[in-house]
Each structure stands twice: as C-alpha cells, then as structure tokens.
Amino acid sequence: DGVLTFQVFANVPIQITWVVIEGLNVASSNISPSLLSSGVSNVMVNFGPLQVSPNYVYNVIVNYVSGNISSRFIVRAYGTQ
C-alpha cells in the first residue's frame, strides 16, 4: 500500500525533510509527523501506490535537519503485499 512506519529516537528535536527508497528511486515528503520532539516517535511515510517485492529488504534513506545541521539515517524495510 506504499506506507512505511518506523520508530525514531532523537536526543534533540528534528525535522524529517524527505525519505527515499534506495534502488526504487521513489521519494516522499508525505511524512507524519515530520517535526519530532526529543525521545521516541512513531513516523509514517506515504509513498503512494508502490510495487515492492515480498520479503525483499529495502534501504530507506531518511533525511533530517536539526538546527542548521542536515544529516540522514537508513531504515531497513521488508517488502510485503
């Protein structure tokens, strides 16, 4: 269904600016919530209709900013139908 959910732990407030699925070159800025407080947050990203391979492991690159620093981290996601 093109939706990815994951948890993030942040020491400081951050803003997730975009997310891309490596290899599929599918990006999304439809992120809820995109502004995260410090601590653990549940995040949902909607990529829209998407064809993925069941049980395939995808690297999902999450770009974020905190203050004037921009960085990224990777979420490993399994394809499901």
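In this chain, residues are counted from 1 in sequence order.
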Interatomic spacing from CZ in R72 to OG1 in T17 - rounded to 0.5 Å: 8.5 Å

If you round to the nearest 0.5 Å, how far is CE of M44 from OG1 of T5? 8.5 Å

What residues join V40 in its hydrophobic cluster, counting side-chain heavy atom gaps under 4.5 Å, either direct or through other members? F9

Does the side chain of Y64 come within less than 4.5 Å of S70's, by heavy atoms?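 When only atoms from C-beta onward are counted, Y64 and S70 do not touch, as no gap falls below 4.5 Å.
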
Go through it in stages, so that I can follow the logic: the residues are V62 and V43, the test is side-chain contact (heavy atoms from CB on, under 4.5 Å), and I'd like the CA-CA distance, side-chain angles, deciding distance and then a yes or no. CA-CA 11 Å; V62 181; V43 178; over 6 Å; no

Hydrophobic cluster membership, [X] vs [Y], 4.5 Å side-chain cutoff:
X   : Y   : answer
F73 : V65 : no
V20 : L4  : no
I61 : V75 : no

For Y78, ring pair (Phe, Tyr, Trp, His ring centres under 6.0 Å) partners two or more places apart: none

Set of residues satisfying ring pair (Phe, Tyr, Trp, His ring centres under 6.0 Å) with respect to F6, sequence neighbours excluded: none

Under the side chain to side chain donor-acceptor pair (under 3.5 Å) rule, collect the residues that match up with Q51, sequence neighbours excluded. none

Carefully, step by step, assess F47 and V3 under the rule side-chain contact (heavy atoms from CB on, under 4.5 Å). CA-CA 6 Å; F47 291 97; V3 174; over 6 Å; no

How would you list all residue pairs meeting ring pair (Phe, Tyr, Trp, His ring centres under 6.0 Å) that involve residues 14-44, not counting sequence neighbours? none

Report the C-alpha separation of V60 and V19 in whole Å, then their side-chain angles, then the decisive distance to 0.1 Å, and conclude whether the side-chain contact (heavy atoms from CB on, under 4.5 Å) test is met. CA-CA 7 Å; V60 181; V19 180; 3.2 Å; yes

Got a list of side-chain donor-acceptor pairs under 3.5 Å for residues 22-39, not counting sequence neighbours?
residue, atom, partner, partner atom, Å
E22, OE1, N59, ND2, 3.2
S28, OG, N30, N, 3.0
S28, OG, N46, O, 2.7

What one should report as the nearest heavy-atom pair of S66 and P13 is OG-O, 3.2 Å

